[in-house]
Amino acid sequence: MNAPPALTHPRRARSRSVAGLVMIWLILHLGCLFSPGLLDDVDSVYIEVAREMMLRHDYVTPYIDGVRFFDKPPLMYWMAAGSMQIFGAYDWAARLPLSLMVLALFLTVYALGVRFFGERGGFYSALAMATSLGPYLFTRFYIPDIMNALWMTIGVHLFLMALDRVKEGRSARWPAWGFAAAMALNLLTKGLIGIVFPIGFVVFYLLVTRQVAALKKMWPGSGMLLFLAIALPWHVLAALRNPAIAMPAGLGLPARAGWLWFYIVNEHFMRFRGLRIPHDYGQVPIPLFWLMFFLWLAPWTAFLPSALLRTWHVLRRRVVADAIEYESSLALLLWAGMVLGFFTLSSRQEYYSLPALPALALMAGGVLNAADRREEPARKGVLRGATWALLPLATLVAIACAHFAMVAPKPPAGADLADLLTINPDQYNLALGHLYDLTGRAMGFFLGPLWGVAVSMLGVGLGSWWLRRSGRTHAANLVLGISMCGVLLCVHSGLDRFYPILGSKGLAEEIARVLKPGDRIMLDGELTSGSTLIFYTRQPVSLVNGHVNGPWFGSFWPDAPRIFETDDSLRAAWAGKQRIFLMTYNDVRRADLERFGPVHILAQRGGKTVLSNQ
């Protein structure tokens with residue numbers, strides 16, 4: 001295959017497009033920063049780790065509930081801790097850095113789209129990224145995957161810039177160093193995947209285009225030194241401060257283990273093979289994982305068949321007149337395929353495909369831009385996607401939401417949403433597992449969001465289709481993006497109403513209101529079932545029958561606090577003089593504890609009850 005000719009750069013960003021993307025971010029992300037409260041599970045776990053890091057002034061070894069916690073690299077903790085140091089230990093302050101990273105992702109997708117498709121194509125690519133379902137859903141809680149997507153997008157762009165300079169006979173030093181820095185930050189964000197994906201992309205791209213020799217001119221030596229200067233210090237310090245210690249027998253652990261074994265071997269290589277100890281995560285079947293990957297770009301997914309067909313036609317040509325068209329097609333296909341291929345072979349959650357989502361958004365932006373320019377295959381393909389996919393599906397969703405809004409009974413005053421849901425604990429290891437709990441009766445709690453989605457979907461489907469059919473493609477894309485802003489705001493409103501099921505901020509505040517020195521807080525179950533209690537009460541929490549998962553490995557260190565209790569030790573404490581607050585999901589716990597002392601109900605919400613013995 002012949003390498004494409006050197007690129008020219010006639011394309012420029014426009015302030016109006018940037019302002020539009022910033023406005024969408026202000027509405028959807030900064031505007032939704034203050035509600036709901038932190039979610040139980042990883043959201044509050046990672047933010048509580050950051051708070052304890054700030055309090056301990058120890059930015060090397062993460063702790064949760066006073067116990068070492070080695071599951072993730074530190075950059076997301078450092079960012080949340082730094083924000084809380086500036087603004088105070090509030091949930092919105094901890095979330096702010098992730099929100100800023102989302103804005104950076106929109107703008108980097110825009111910049112790469114401008115390179116590939118011109119200003120209009122860059123705007124459409126970023127608009128798709130900003131208003132699609134997946135990026136919004138998976139920034140409602142504090143996980144690193146959207147940051148992983150950001151570093152990957154920056155890395156791809158910087159690598160291509162460096163390659164341009166090599167082909168033009170200029171120094172590639174600055175983009176090459178930028179690539180090394182982005183890769184180091186990715187490593188500190190998501191672990192070894194942070195270097196596997198960008199290195200894999202570079203290797204595959206250079207092999208396919210037969211430009212491996214260009215790598216020698218991309219400052220690999222100094223780039224490696226810069227990468228190590230950024231990424232290596234934390235890894236070395238974490239290993240030195242948490243050396244291997246003796247482990248209990250019979251648990252599947254090595255005789256001696258520390259940070260190095262748990263974080264490098266267990267959390268990376270054994271997780272890849274599905275053998276991580278303990279096994280604390282769900283496993284999405286491969287077909288569902290691929291389906292969700294395309295679902296996360298909804299509603300812009302409707303244009304992907306045309307985009308993929310266009311990509312295939314470009315790559316079939318051995319000599320390509322338009323170097324940028326060749327470059328974009330190859331880069332985006334390799335990018336998405338590499339991420340999907342990796343997680344097809346590895347353990348996977350439904351949101352692990354997010355690092356590849358910018359590639360799909362860019363594909364969609366490219367074909368929409370081609371349709372704008374009246375390229376006949378693209379125009380027809382985009383119109384077919386709008387007619388046969390977007391219009392019927394959006395109409396169906398609008399009808400379904402309006403139906404539920406009309407027939408769902410209005411909940412009585414004081415009703416608890418939890419009483420109207422089903423319980424599907426087998427699904428709760430999945431990020432969106434609680435959606436399986438929804439019933440027709442529960443829809444009465446969501447009348448406003450349901451009507452909002454129904455109306456917005458008319459713009460997503462019928463409105464944008466009518467404009468596109470009339471030849472006003474730019475207006476159609478704008479209406480689609482604006483309508484999706486309405487849909488996503490309704491999603492946020494729905495999450496607010498569903499919050500008592502997913503988080504325990506209100507219960508934690510009830511405890512904090514009456515908490516006195518010497519009182520003790522307990523959680524009936526593992527940490528993730530009520531991890532918001534620690535953040536909002538600012539107190540350690542003991543776990544009854546919760547010696548599993550998150551703090552399990554760190555509990556083997558001699559300095560770990562005694563936070564793990566059993567049924568017997570709970571009963572003994574309940575009969576004592578110390579006041580105990582117990583948050584439980586267990587309906588029979590109250591009757592059990594009444595045999596050992598008084599039981600008072602402090603608060604009930606979302607299927608959870610706070611009991612006290614005084």
Side-chain angles (χ1 to χ4, degrees), residues 34-48 51-52 64-65 89-92 94-95 140-142 411 413-421 423 425 428 434 437 442 445 494-546 550-551 563 565 570 573-574 578-594 597-614:
F34 303 93
S35 67
L38 299 181
L39 310 183
D40 290 322
D41 209 339
V42 293
D43 185 35
S44 53
V45 166
Y46 295 161
I47 288 177
E48 175 58 21
R51 191 184 72 88
E52 295 190 29
I64 179 73
D65 209 9
Y90 305 110
D91 47 20
W92 64 266
R95 288 168 166 161
R140 301 308 87 205
F141 46 99
Y142 199 73
D416 193 322
L417 174 62
D419 296 333
L420 305 179
L421 300 176
I423 304 298
Y428 295 164
H434 279 278
D437 295 347
F445 280 85
L495 178 62
D496 251 344
R497 299 170 192 224
F498 204 82
Y499 177 75
I501 309 298
L502 302 176
S504 308
K505 179 179 180 179
L507 297 177
E509 290 175 337
E510 288 290 336
I511 295 173
R513 182 176 56 83
V514 298
L515 193 68
K516 296 179 181 178
D519 293 346
R520 192 175 176 195
I521 304 172
M522 293 189 182
L523 174 62
D524 203 355
E526 64 176 290
L527 177 64
T528 54
S529 64
S531 44
T532 46
L533 292 181
I534 310 174
F535 183 86
Y536 289 114
T537 65
R538 307 290 195 257
Q539 297 296 318
V541 172
S542 298
L543 309 177
V544 181
N545 301 323
I563 64 169
E565 302 292 345
L570 168 63
W574 203 264
Q578 186 180 33
R579 181 158 67 161
I580 307 295
F581 294 100
L582 173 71
M583 192 180 90
T584 182
Y585 294 76
N586 191 343
D587 293 336
V588 302
R589 181 61 81 181
R590 179 181 178 184
D592 174 63
L593 292 177
E594 283 177 340
V599 177
H600 305 279
I601 297 177
L602 176 66
Q604 289 180 302
R605 201 167 303 166
K608 296 162 279 192
T609 305
V610 176
L611 306 175
S612 177
N613 62 342
Q614 294 180 24

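Atoms considered below: every heavy atom in the structure, side chains included; atoms not considered: hydrogens, waters and symmetry mates.
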Expected output: side-chain [X] to main-chain [Y] donor-acceptor under 3.5 Å:
X	Y	result
R605	P500	no
N613	I580	yes
Y499	K505	yes

Note, [X] side chain near [Y] side chain (heavy atom, < 4.5 Å):
X	Y	value
T609	R589	no
D43	R95	yes
V610	Q604	no
I601	R590	yes
V514	D519	no
L611	W574	yes

For the pair E509 and R513, find out whether any cationic side-chain nitrogen is under 4.0 Å from an anionic carboxylate oxygen.
->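 Between R513 and E509 there is no salt bridge, as every charged N stays at least 4.0 Å from the carboxylate O atoms.
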Quick one: pull up [atom1] in [X] and [atom2] in [Y] and give me the separation to the nearest 0.5 Å.
X	Y	atom1	atom2	answer
S542	D65	OG	CG	7.5 Å
L507	D40	CG	CG	9.0 Å
L570	M522	CG	CE	5.5 Å
F535	I64	CZ	CD1	10.5 Å
L515	R538	CG	CZ	12.5 Å
Q539	I511	CD	CD1	10.5 Å

More than 12 heavy atoms of other residues, nucleotides or ligands under 6.0 Å from CG of D587: is that the case?
->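 Count not over threshold, so no.
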Residues, nucleotides or ligands: over 12 heavy atoms within 6.0 Å of Y90 OH |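 No, the 6.0 Å shell around OH holds no more than 12 heavy atoms from other groups.
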If you compare all heavy atoms of [X] against all heavy atoms of [Y], which two are closest, and at what distance to 0.1 Å?
X	Y	value
Y46	Y142	CD1-O, 3.1 Å
M583	K608	CE-CD, 3.9 Å
G606	D416	N-OD2, 3.0 Å
L38	Y536	N-OH, 2.9 Å
E510	A603	CG-CB, 3.9 Å
G525	L543	O-CB, 3.7 Å

What's the verdict on side-chain contact (heavy atoms from CB on, under 4.5 Å) for Y585 and D524, showing C-alpha distance, side-chain angles and the deciding distance?
-> CA-CA 7 Å; Y585 294 76; D524 203 355; over 6 Å; no
What's the verdict on side-chain contact (heavy atoms from CB on, under 4.5 Å) for F141 and L502, showing C-alpha distance, side-chain angles and the deciding distance?
-> CA-CA 11 Å; F141 46 99; L502 302 176; over 6 Å; no
Would you say the side-chain atoms of S44 and T532 include a donor-acceptor pair closer than 3.5 Å?
->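 Checked: S44/T532 side chains show no N/O donor-acceptor pair below 3.5 Å.
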For the pair N586 and D592, evaluate side-chain contact (heavy atoms from CB on, under 4.5 Å) and give the outcome as yes or no after the intermediate values.
-> CA-CA 10 Å; N586 191 343; D592 174 63; over 6 Å; no
